[in-house]
Number of protein chains: 2
Amino acid sequence: MAGERLYKAIVDQIIASIDSGEFPVGGRLPPERELAERFNVSRPTIREAVIALEALERVEVKTGSGIYVLESSQGLNGIDSSISPFELTEARAMIEGEAAALAAVMITNEQLAELEQALQDMADARPSVYENADKKFHHVISRATGNKMLEGIIDKLWYVRDTSPRVHRAYQAICETDTSRVSEHQDIFEALKNRDAKAARTAMHQHFSRIINNLIAAEEKEQVEAIQRKMVESRERFSLTHLVTSE
Amino acid sequence: MAGERLYKAIVDQIIASIDSGEFPVGGRLPPERELAERFNVSRPTIREAVIALEALERVEVKTGSGIYVLESSQGLNGIDSSISPFELTEARAMIEGEAAALAAVMITNEQLAELEQALQDMADARPSVYENADKKFHHVISRATGNKMLEGIIDKLWYVRDTSPRVHRAYQAICETDTSRVSEHQDIFEALKNRDAKAARTAMHQHFSRIINNLIAAEEKEQVEAIQRKMVESRERFSLTHLVTSE
DNA sequence: CTCGGATTATTGGTATTACCAATTTCGCGA
DNA sequence: TCGCGAAATTGGTAATACCAATAATCCGAG
């Protein structure tokens, strides 16, 4: 990528080597001087990459000893790249359900007005508009809980949704076929407006339940198509056409 | 701190200046060369500190333009230092309650055995033992959900509990007077063993409800003592003793 | 032969200097 | 006043030097 900083590319490559097992957890990375030769960059650039990895708690640096790979599950990052769209969605259903219930009790009229605006934007046909409105809607609810820890956790869930390639792809695949979005958010809004905690929780659960069903359907469809592709390939592989034509 | 790396001290000082408002959110940090002069270190050391801040998503760096302060709520760190012990505990009650309910459905016999062992360790008189057992107990439950996203979120809640000075102090203050710990965790364990999701959720809620009550009591006690200290000081300030003795 | 201490080698830590790339600011001319 | 080009400023990368901490090796004594 043009203009991308060199240390970031090095970080990505080192992470890839950690994930592939080349640099095992608990083991030592090659020395800075060797990494600099290997990646054909200067040693300060390597140092910058290592500082970033350290800030992300992917490595631990011991003076005079070396750079050691940490277990990624303890990272500040908190993103395990193997998290599936189902796991994320289930966690969101549980957490955002509780947040909606609490928000129903605490929400202000200003926040209700913000939700109403987001609902309108959610009906827009442009993906960038309705996706931002969707995010805004959920964020207002997390704020309405009046609990900054919950707000932070829900932000993290959205961060995973947006940045994990696997999850992002899965959500994109079901997004264009999403016809219930507005009505479901409308149900959530009505429950909040009525300050009905139980209804808010239920509406949020139903919203995510439908998303999980869509994810399942999309995965099923993908696997059927993958099998069909494989059959086409086998048909081509074992057809007798090339035997006939080669004579 | 002897042996502490220079760039980390610089990171801490820059974060303190951001938090104090000296470097406002959205604004630009002084240039690298100026920061190097200000902190009396070399420019590469500043660069290392800035790389770390960037990895933590506290700042954004624009080539030729400058280093800009990001809103901390969007940080990977996810820790807002103003999060109160009440907010953390409320969030834990809600999230860990749901996790316990799900774990009741999914838990394995091996995991139940792990919980039993942790329960025994929780009765130990040594703080280091029962605190680790407490943490282990909750971690096994998060693992038992079979949802890595939930596990990661609950790890993050524990991380906040352990690393936020404010929260850590509050929990320490109620820890020594904690006489219900074992029986409450026993209730949670029994519900899980019986695979009763509803009972597990309720037991977890009661566990945290009692913690919140203890936190309130401790805060109340602290405020009463602060008022009493103030009264003692006023009494000393306005007593006529010094007038008598000075004649 | 083994063990301990001293020495050497290795690895990370910090600084100085140089030069390049991108952006912003300033000055000049239309 | 506005637009364009040049200069200044700011971040990006590299090379080199030397220091601090740790690990490895070697040598001598028991």
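In what follows, chains are A, B, ... by sequence order, proteins preceding strands, each numbered from 1.
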Grab the [atom1]-[atom2] distance between [X] and [N] for me, whole Å please.
{"X": "B:R47", "N": "D:dA14", "atom1": "CZ", "atom2": "C1'", "result": "11 Å"}
{"X": "A:L6", "N": "D:dG11", "atom1": "CG", "atom2": "P", "result": "18 Å"}
{"X": "A:Y68", "N": "D:dA23", "atom1": "OH", "atom2": "C1'", "result": "9 Å"}
{"X": "A:E60", "N": "C:dG13", "atom1": "CD", "atom2": "P", "result": "11 Å"}
{"X": "A:R43", "N": "D:dA15", "atom1": "CZ", "atom2": "C1'", "result": "12 Å"}
{"X": "A:E48", "N": "C:dG12", "atom1": "CD", "atom2": "P", "result": "16 Å"}
{"X": "B:I46", "N": "C:dG13", "atom1": "CD1", "atom2": "C1'", "result": "15 Å"}

Pull out every residue in residues 26-41 of chain B that has a heavy atom closer than 4.0 Å to any atom of DNA chain C, ordered by number, or say none. B:V41
Out of C:dG12, C:dA15, D:dA14, which nucleotide sits closest to the side chain of A:V61? C:dG12
Is the phosphate of C:dA15 approached by B:T45 (side-chain N or O, under 4.0 Å from OP1 or OP2)? yes
Can a side chain N or O of A:T63 be found less than 4.0 Å away from OP1 or OP2 on C:dG12? no
Using heavy atoms to find the nearest nucleotide of DNA chain D for A:K62 and B:K62 separately, return the residue whose nucleotide is more 5′. B:K62
Between B:Y171 and B:E131, a side-chain donor and acceptor under 3.5 Å: no
May I ask you to say whether A:E48 pairs ionically with A:R5, meaning some side-chain N is under 4.0 Å from a carboxylate O? no
Output for pair (B:M149 CE, A:I83 CD1), nearest 0.5 Å, gives 4.0 Å
Identify the residue among A:L53, A:V50, A:I14 that makes a side-chain contact (heavy atoms from CB on, under 4.5 Å) with A:I67. A:V50
Kindly state whether the ring of B:W158 and the ring of B:H138 have centres lying under 6.0 angstrom apart. yes
Presence of donor-acceptor pair under 3.5 Å, side chain of B:R5 and base of C:dG12: no
Identify, with sequence neighbours excluded, every residue that meets side chain to side chain donor-acceptor pair (under 3.5 Å) alongside A:R38. A:E22
Could you give the side-chain donor-acceptor pairs of residues 29-37 of chain A under 3.5 Å, partners two or more places apart or in another chain?
residue : atom : partner : partner atom : Å
A:E32   : OE1  : A:R43   : NE           : 2.8
A:E32   : OE1  : A:R43   : NH2          : 3.1
A:E32   : OE1  : A:R47   : NH1          : 3.4
A:E32   : OE2  : A:R47   : NH1          : 2.9

